[in-house]
Peer 1: 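Okay, here's the structure, questions in a sec.
Treat the numbers as computed from the prediction; the structure is a model and nothing was measured. Quick note on labels: first sequence line is chain A, next is B, and so on, each numbered from 1.
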Amino acid sequence: MTPADLKDAVRAAVIAVVNNGDLAVAVPEDVVVERPKVKDHGDYATNIALVLAKPAGKNPREVAQLVAARLEQAEGIDSVEIAGPGFLNIRLSGDALGQVARQVLASGAAYGTNDRAAGQNINLEFVSANPTGPIHIGGVRWAAMGDALARLLQASGAKVSREYYFNDHGAQIDRFARSLLAAAQGQPAPEDGYGGAYIAEIAQRVTEQVPDVLSQQDPQEVFRERGVALMFEEIKASLHDFGVDFDVYFHENALHESGAVERAIERLRGLGHMYEQDGALWLRTTEFGDDKDRVVIKSDGDPAYISGDLAYYLDKRERGFDRVVIMLGADHTGYVGRMMAMCAAFGDTPGVNLEILIGQLVNLLRDGEPLKMSKRAGTVITLEDLVEAIGVDAARYALVRSSADSQLDIDLDLWARKTSDNPVFYVQYAATRAASVLRNAADLGLTVDDDADLTLLTHPRENDLLLALAEFPSVVATAAELREPHRVARYLEEKVAKSAQRFWDDCQVLPKGDEPVADTTAPRLLLWKATRTVLENGLGLLGVTAPERM
RNA sequence: GCGCUCGUAGCUCAGUGGAUAGAGCAACCGCCUUCUAAGCGGUCGGUCGCAGGUUCGAGUCCUGCCGGGCGCGCCA
């Protein structure tokens with residue numbers, strides 16, 4: 001009996017009461033079944049009676065009694081109590097709960113997947129850091145969270161394309177090229193240019209590739225082209241080492257070279273949303289809620305930055321994506337209005353066809369002090385720095401375990417620690433304990449028996465753990481739907497790992513010394529295997545490994 | 001000034017309108033001759049920034065105010 005099964009049972013009970021003529025209401029499509037906070041309130045609770053009371057014109061406790069009487073008859077349900085204003089507190093029969101472990105094993109690596117987003121074709125763009133330098137800490141949050149979200153959406157049945165928008169067009173690239181040239185000539189960085197050791201390094205590599213670069217006719221062009229390519233490879237490589245690979249690396253330049261920008265502008269012109277003023281071409285975004293209209297082609301004839309966004313959005317839609325999701329840093333909050341207006345100008349629905357997720361900034365702390373970053377001083381903290389300090393698993397976990405809405409402080413000392421203070425180690429330790437029990441069992445010649453008698457799992461710790469495992473699919477679905485991967489991390493930590501550690505502490509599994517094999521050994525082994533499966537699957541969704549031993 | 005966002009325990013953070021607001025850390029007290037003590041149990045700790053409103057019910061939704069962050073260019 002999973003929560004989903006229980007929902008069906010509750011709904012069936014309501015239908016029965018309605019068909020019986022005792023209740024005159026429309027049966028809701030979805031009913032809420034949740035784990036009560038207080039243990040005395042049973043395994044699950046539903047507020048269905050409170051929801052139906054008003055439309056039914058009865059008081060909630062009356063409705064509760066009608067539904068409870070039916071629900072109590074359902075298979076797998078031990079008891080239903082009416083509590084408080086009209087909650088139904090439900091207790092499952094021991095066997096129904098134990099079945100969860102068997103279901104986990106039957107699904108294996110697929111346990112937790114769901115079809116809530118089936119049929120959606122999603123384009124997920126994230127990181128998209130400029131190719132003018134290494135990926136710094138701001139982009140890393142999205143690398144971890146975007147990749148986790150992609151995995152979650154896929155686990156919910158969506159088709160997902162991970163995409164990286166590579167801004168290799170425009171003035172910033174010129175500044176980058178000038179900076180490389182200056183470095184190669186042994187001159188200081190230009191006033192508006194980029195500094196730091198990586199500039200010198202890239203300049204050096206370009207010089208190695210083209211030894212006579214400085215005597216060529218247009219050396220800056222050589223530095224631009226080769227420098228961008230080298231930076232691009234470096235960014236791709238460090239993301240790959242971080243466990244993040246994209247399906248498409250889209251070059252902004254392509255939009256300008258292929259005529260896609262012009263086509264997008266023509267489309268909008270045809271829809272009547274473009275106008276000329278002061279020698280520039282404008283998009284009337286105010287018509288769609290933006291606070292000012294936006295210049296698309298500047299009066300000097302050059303395309304403004306937004307022109308690329310127009311063409312890029314249209315391109316994504318034409319490639320067949322019905323949902324375009326873009327993850328941006330807090331320094332891009334000002335974009336949202338114009339992007340949504342643009343989406344509407346194309347005749348699409350903002351919030352559905354286009355979603356923009358904004359993530360707040362990340363601070364790194366060492367010895368309780370924030371690490372200050374300065375591009376000028378070259379004290380930029382990069383993805384590699386973070387990985388070097390705490391490792392890929394800890395970095396990814398730290399970055400996804402908090403809501404993107406809140407600014408995040410990452411204490412490097414804490415996350416580098418190999419103790420239980422460090423949340424990722426806490427979860428991984430639970431996973432290794434599960435692995436170790438299974439390994440030790442195998443050494444004793446005990447295999448996991450799918451037919452183990454699960455009614456023997458009656459200990460409160462076993463009960464808690466089973467309830468935790470049963471929640472996994474709905475946690476995955478919710479996290480995907482709300483675009484909140486942190487829900488998975490919190491679930492693994494606070495529900496699964498916690499329950500598993502307690503289970504370990506109170507419920508011996510394997511015989512010690514000359515002890516005979518206990519009746520509980522087989523069902524407990526099965527429960528451990530199910531636990532290991534959920535931890536593996538859950539950590540996998542976050543891009544974090546589940547080690548066999550530590 | 002306008003817009004977005006955040007404000008929950010000493011600290012870092014959970015809590016998609018439900019019951020007595022949770023977890024980890026920190027502090028203090030316990031539990032290892034036996035499957036990993038890298039763990040477990042317990043104590044302490046809160047006017048959910050403030051004030052109104054909506055609701056049977058508000059940390060959650062609405063309004064105003066206070067405080068922090070970010071953004072408001074024919075830059076990209």
Side-chain angles (χ1 to χ4, degrees), chain A residues 32 34 36-38 40-41 45 47 50-51 53-54 59-60 83-87 89 130 132 167 169-175 192 252 277-282 291-292 294-306 308 329-337 358-361 363 365 368 398 401-411 414 417-423 425-426 428-430 432-433 435-441 443-444 461 478-479 481-482 484 486-487 489-491 493-495 498 501-502 504-513 515 521 524 528 549-550:
Chain A
V32 175
E34 57 188 4
K37 288 173 189 160
V38 182
D40 293 344
H41 294 163
N47 66 351
L50 294 162
V51 173
K54 200 168 214 175
N59 90 48
F87 291 102
N89 292 335
N130 289 339
T132 53
N167 301 123
H169 184 90
Q172 57 176 344
I173 296 296
D174 296 335
R175 288 201 289 270
D192 58 352
E252 183 185 4
Q277 188 180 305
D278 304 329
L281 188 62
W282 298 69
D291 47 10
K292 60 182 75 163
R294 304 293 168 176
V295 168
V296 177
I297 302 290
K298 298 187 275 186
S299 53
D300 64 6
D302 283 347
Y305 185 74
I306 195 175
D331 52 341
H332 285 70
T333 34
Y335 273 29
V336 179
I358 295 292
Q360 301 302 312
L361 303 180
N363 284 309
L365 303 181
R401 95 183 264 277
S402 292
S403 159
D405 290 338
S406 62
Q407 289 179 52
L408 179 60
D409 289 336
I410 294 182
D411 180 343
L414 168 70
R417 230 172 277 164
K418 305 244 188 279
T419 70
S420 65
D421 317 357
N422 180 343
F425 275 89
Y426 183 73
Q428 288 182 317
Y429 184 49
T432 59
R433 275 192 156 165
S436 109
V437 170
L438 296 168
R439 200 165 47 234
N440 294 340
D443 289 347
L444 293 172
R461 300 303 194 214
T478 304
E481 223 160 69
L482 299 177
E484 293 185 346
H486 74 273
R487 287 169 183 271
R490 296 299 176 148
Y491 159 77
E493 217 172 296
E494 291 164 12
K495 303 279 178 65
K498 186 71 183 169
Q501 299 281 25
R502 288 176 162 179
W504 169 279
D505 219 55
D506 286 355
C507 301
Q508 187 190 328
V509 181
L510 303 174
K512 295 169 183 173
E515 287 176 11
T521 294
R524 282 178 176 172
W528 269 118
R549 49 183 97 217
M550 287 168 61

Peer 1: Rounded at 0.5 Å granularity, tell me how far CZ in A/R549 sits from OG1 in A/T432.
Peer 2: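 Spacing of CZ (A/R549) from OG1 (A/T432) equals 10.0 Å.
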Peer 1: Give one of base, sugar-phosphate or nothing for A/A430, where a contact means two heavy atoms less than 4.0 Å apart.
Peer 2: nothing
Peer 1: Heavy atoms under 4.0 Å, any strand shown: does A/A45 hit a base, just sugar-phosphate, or nothing?
Peer 2: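 Result for A/A45 = base.
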Peer 1: Does a side-chain N or O from A/W528 land closer than 4.0 Å to OP1 or OP2 of B/C35, or not?
Peer 2: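 For A/W528, the contact criterion (side-chain N or O under 4.0 Å from OP1 or OP2 of B/C35) is not met.
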Peer 1: Between A/Y429 (OH) and B/C40 (C1'), how many Å, whole number?
Peer 2: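 Atom-to-atom, A/Y429 to B/C40, this comes out as 11 Å.
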Peer 1: Please classify the nucleic acid contact of A/S299 as base, sugar-phosphate, or nothing, using heavy-atom distances under 4.0 Å.
Peer 2: base
Peer 1: Need one value for A/G513: base, sugar-phosphate or nothing, where a base atom within 4.0 Å counts as base even if backbone is also close, heavy atoms only.
Peer 2: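 Nothing, no heavy atom under 4.0 Å.
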Peer 1: Which of these nucleotides, B/U55, B/U36, B/C74, is closest to any side-chain atom of A/V295?
Peer 2: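 The answer is B/C74.
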Peer 1: Can you see if the side chain of A/R487 gets near the phosphate of B/A14 - specifically, an N or O under 4.0 Å from OP1 or OP2?
Peer 2: no
Peer 1: What's the closest nucleotide to the side chain of A/D409 if the choices are B/U12, B/C75, B/U34?
Peer 2: B/U12
Peer 1: Mind checking the CH2-CG spacing from A/W528 to A/N440? Nearest 0.5 Å is all I need.
Peer 2: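 Result: 11.5 Å between the selected atoms.
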Peer 1: Does A/A280 reach a base, just sugar-phosphate, or nothing at all? Heavy atoms under 4.0 Å.
Peer 2: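 Base contact.
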Peer 1: Considering just the side-chain nitrogens and oxygens of A/K292, establish if one lies under 4.0 Å of OP1 or OP2 belonging to B/C72.
Peer 2: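 Negative; the distance criterion is not met.
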Peer 1: Taking the side chain of A/K54 as heavy atoms from C-beta outward, which of B/C56, B/C74, B/C35 is closest to it?
Peer 2: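 For the A/K54 side chain, the nearest candidate turns out to be B/C56.
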Peer 1: With respect to the phosphate group of B/C31, does any side-chain polar atom (N or O) of A/R502 fall under 4.0 Å of OP1 or OP2?
Peer 2: no
Peer 1: For A/D443, which contact category applies under a 4.0 Å heavy-atom criterion: base, sugar-phosphate, or nothing?
Peer 2: nothing
Peer 1: Start with the C-alpha gap between A/Q172 and A/N130, add the side-chain angles, then the distance that decides, and say whether side-chain hydrogen bond (donor to acceptor under 3.5 Å, both in side chains) holds.
Peer 2: CA-CA 9 Å; A/Q172 57 176 344; A/N130 289 339; 2.7 Å; yes
Peer 1: So what stems show up for RNA chain B if we need 3 or more Watson-Crick or G-U pairs in a row, all under 3.5 Å?
Peer 2: B:1-7 with B:66-72, B:10-13 with B:22-25, B:27-31 with B:39-43, B:49-53 with B:61-65
Peer 1: Decide yes or no for A/W282 and A/V296: does some side-chain heavy atom of the first lie under 4.5 Å from some side-chain heavy atom of the second?
Peer 2: no
Peer 1: B/G64 and B/C40: how far apart are their P atoms, nearest whole angstrom?
Peer 2: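 To the nearest whole Å, 46 Å.
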Peer 1: Can you check nucleotides 20-27 of chain B for protein contacts, nitrogen or oxygen pairs under 3.5 Å, and list what you find?
Peer 2:
{"unit_1": "B/G24", "atom_1": "OP1", "unit_2": "A/K498", "atom_2": "NZ", "d": "3.3"}

Peer 1: Might you list the N or O atoms of the protein lying below 3.5 Å from N or O atoms in nucleotides 1-6 of chain B, with each pair's distance?
Peer 2:
{"unit_1": "B/U5", "atom_1": "O2'", "unit_2": "A/D405", "atom_2": "O", "d": "3.4"}

Peer 1: Between B/G17 and B/U60, how far is it from one C1' atom to the other, in whole Å?
Peer 2: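 It comes out at 7 Å once rounded to the nearest Å.
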Peer 1: Establish, with yes or no, whether the OP1 or OP2 oxygen of B/C75 is under 4.0 angstrom from a side-chain nitrogen or oxygen of A/K298.
Peer 2: yes
Peer 1: Rounded to whole angstrom units, what separation is found between the CG atom of A/N167 and the P atom of B/C75?
Peer 2: 16 Å
Peer 1: Answer with base, sugar-phosphate or nothing: what part of the nucleic acid does A/Q508 contact at a heavy-atom distance below 4.0 Å?
Peer 2: base
Peer 1: Output the distance between atom CD (A/E481) and atom CZ (A/R487), rounded to the nearest 0.5 Å.
Peer 2: 10.5 Å
Peer 1: Are any of A/Y426's side-chain N or O atoms less than 4.0 Å away from OP1 or OP2 of B/C40?
Peer 2: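 Yes, such a contact exists.
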Peer 1: State which of B/A19, B/C35, B/G69 makes the closest approach to the side chain of A/L361.
Peer 2: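 Closest nucleotide to the A/L361 side chain: B/G69.
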Peer 1: Roughly, in whole Å, what's the span from CG in A/D331 to P in B/C75?
Peer 2: 19 Å
Peer 1: Over all strands shown, is A/F425 touching base, sugar-phosphate only, or nothing at heavy-atom distances under 4.0 angstrom?
Peer 2: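 No contact.
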Peer 1: Please classify B/C11 as syn or anti, treating any glycosidic angle within 90° of 0 as syn.
Peer 2: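 This nucleotide is in anti.
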Peer 1: Should A/S436 be listed as having a side-chain N or O under 4.0 Å from OP1 or OP2 of B/C35?
Peer 2: no
Peer 1: Whole angstroms only, please: what is the NZ-P distance between A/K512 and B/C32?
Peer 2: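 Rounding to the nearest Å, NZ of A/K512 and P of B/C32 are 13 Å apart.
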Peer 1: How is A/T478 classified with respect to the nucleic acid when contacts are heavy atoms under 4.0 Å: base, sugar-phosphate, or nothing?
Peer 2: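 The residue A/T478 makes base contact.
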Peer 1: Are A/W504 and B/C35 stacked, counting the six-membered base ring, centres under 5.5 Å, planes under 30°?
Peer 2: yes
Peer 1: Could you state the NE2-P distance from A/H332 to B/C75, rounded to the nearest angstrom?
Peer 2: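 That distance rounds to 16 Å.
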Peer 1: How many angstroms lie between atom CD of A/E252 and atom CD1 of A/I173, to the nearest 0.5 angstrom?
Peer 2: 8.5 Å
Peer 1: Specify the separation, in whole Å, of atom CE of A/M550 and atom C1' of B/C35.
Peer 2: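 Answer to the nearest Å: 17 Å.
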Peer 1: Sticking with atom C1', work out how far B/C74 lies from B/C65, rounded to a whole angstrom.
Peer 2: 38 Å
Peer 1: Can you tell me, in whole Å, how much space there is between the C1' of B/G3 and that of B/G42?
Peer 2: 49 Å
Peer 1: Without decimals, in angstroms, what is the distance between A/D505 CG and B/U36 C1'?
Peer 2: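 In whole Å, B/U36 C1' and A/D505 CG are 12 Å from each other.
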Peer 1: Rounding to an integer number of angstrom, what distance separates B/G30 and B/C35 when you compare their C1' atoms?
Peer 2: 23 Å
Peer 1: Out of B/C74, B/C70, B/C35, which has the shortest distance to the side chain of A/N440?
Peer 2: B/C35
Peer 1: Could A/R294 and A/D291 be called an ion pair, given the rule that one side-chain N must be under 4.0 Å from one carboxylate O?
Peer 2: yes
